[in-house]
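Have a look at the structure below before the remarks.
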Amino acid sequence: DCIFFSTHEPCTMCSSAITWAGFDEIYYFFSHEDSRDAFQIGHDLNILKEVFKYEPGGYARVNSYWTAYWLIDMIGQCEPEQKESFMARVGKIKEQYAELSDKYQATKHLCKNIALK
């Protein structure tokens with residue numbers, strides 16, 4: 001068995017690569033909506049919508065190749081004491097990631113060869 005842990009819910013390119021690499025399970029921290037709303041990196045979601053005509057998260061998380069798990073959903077199934085502890089850690093990770101995202105957003109205009117809509 002192989003698992004794949006990702007910061008963000010995989011885009012179409014990553015999902016395909018994960019499939020071909022033979023991973024059975026995908027675990028991700030930030031949802032497609034988080035990527036779009038909290039970090040302003042919605043270009044992958046625009047591709048999903050334009051090419052495949054589905055909304056963020058609208059793919060089959062359970063399929064014959066792999067199963068995708070959102071860590072926040074998994075935390076929601078924990079006992080209250082564990083859930084509180086895990087959600088405190090989630091808050092800290094989100095704060096740190098927001099700082100990194102702000103740095104990225106402040107400098108992405110310098111990368112003129114990346115096609116971002």
Side-chain angles (χ1 to χ4, degrees):
D1 289 344
C2 295
I3 64 167
F4 185 90
F5 185 81
S6 175
T7 309
H8 291 266
E9 190 168 7
C11 67
T12 52
M13 181 181 69
C14 293
S15 296
S16 183
I18 290 165
T19 301
W20 283 104
F23 288 97
D24 301 308
E25 298 177 337
I26 301 168
Y27 296 86
Y28 59 92
F29 190 81
F30 295 111
S31 68
H32 284 156
E33 292 83 1
D34 290 332
S35 298
R36 178 194 62 215
D37 300 340
F39 306 115
Q40 297 83 42
I41 49 175
H43 42 278
D44 288 337
L45 303 179
N46 293 337
I47 294 168
L48 291 172
K49 190 170 184 175
E50 285 296 314
V51 175
F52 298 102
K53 302 297 183 196
Y54 63 77
E55 295 298 323
Y59 64 97
R61 285 190 176 89
V62 177
N63 56 67
S64 61
Y65 298 102
W66 40 258
T67 301
Y69 301 96
W70 186 26
L71 293 181
I72 304 304
D73 283 343
M74 295 174 71
I75 292 170
Q77 297 173 14
C78 293
E79 295 296 324
E81 186 178 291
Q82 285 182 311
K83 184 178 178 179
E84 184 178 332
S85 174
F86 285 143
M87 289 309 292
R89 291 177 74 184
V90 165
K92 289 180 183 179
I93 292 169
K94 284 186 174 187
E95 286 175 18
Q96 291 174 335
Y97 204 88
E99 289 177 23
L100 293 171
S101 178
D102 290 344
K103 289 178 184 178
Y104 164 75
Q105 293 299 328
T107 60
K108 73 178 183 182
H109 68 280
L110 301 173
C111 302
K112 299 182 188 318
N113 294 328
I114 299 174
L116 302 175
K117 291 185 177 184

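Because the structure is a prediction, the values reported are computed rather than measured.
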(request) Identify the two heavy atoms, one from E25 and one from W66, that lie closest to each other, and give their separation to 0.1 Å. (result) N-CB, 4.4 Å

(message) If you define the side chain from C-beta out and look only at heavy atoms, does anything of I72 sit under 4.5 Å from S31?
(response) no

(message) With side-chain contact (heavy atoms from CB on, under 4.5 Å) as the criterion, how do F5 and L71 come out once you've worked through the C-alpha distance, each side chain's angles and the decisive distance to 0.1 Å?
(response) CA-CA 10 Å; F5 185 81; L71 293 181; 3.1 Å; yes

(message) To the nearest 0.5 Å, what is the distance between OG on S101 and CD on E99?
(response) 11.0 Å

(request) Look at the aromatic rings of F30 and Y97 and report parallel, tilted or perpendicular, splitting at 30° and 60°. (result) tilted

(request) Would you mind reporting whether I47 and C11 have side-chain heavy atoms less than 4.5 Å apart? (result) no

(request) State yes or no: are the ring centers of Y27 and Y69 separated by less than 6.0 Å? (result) yes

(message) Please report the interatomic distance CD(E95) to CG(L100), rounded to the nearest 0.5 Å.
(response) 12.5 Å

(request) Please tell me if the side chains of Y59 and S15 come closer than 4.5 Å, counting only heavy atoms from C-beta onward. (result) no

(request) Look at the side chain of H32 and the backbone N and O of P10, then say whether any donor-acceptor pair between them is shorter than 3.5 Å. (result) yes

(message) Could you report the tightest heavy-atom contact between M87 and I75, atom names first, then the distance?
(response) SD-CG2, 3.6 Å

(request) State the SG-CD1 distance between C14 and I26, to the nearest 0.5 angstrom. (result) 9.5 Å

(request) Considering non-hydrogen atoms only, spot the tightest contact between Y28 and E9 and give its length. (result) OH-OE2, 3.3 Å

(message) Do V51 and T12 have side chains that approach each other closer than 4.5 Å (heavy atoms only, starting at C-beta)?
(response) no

(message) Measuring only between side-chain heavy atoms, which start at C-beta, is D34 closer than 4.5 Å to F29?
(response) no

(message) To the closest 0.5 Å, what do you measure between CG (D24) and OG1 (T19)?
(response) 10.5 Å

(message) Closer than 3.5 angstrom, by distance alone: can the side chain of N63 be matched with the main-chain N or O of A60 as a donor-acceptor pair?
(response) yes

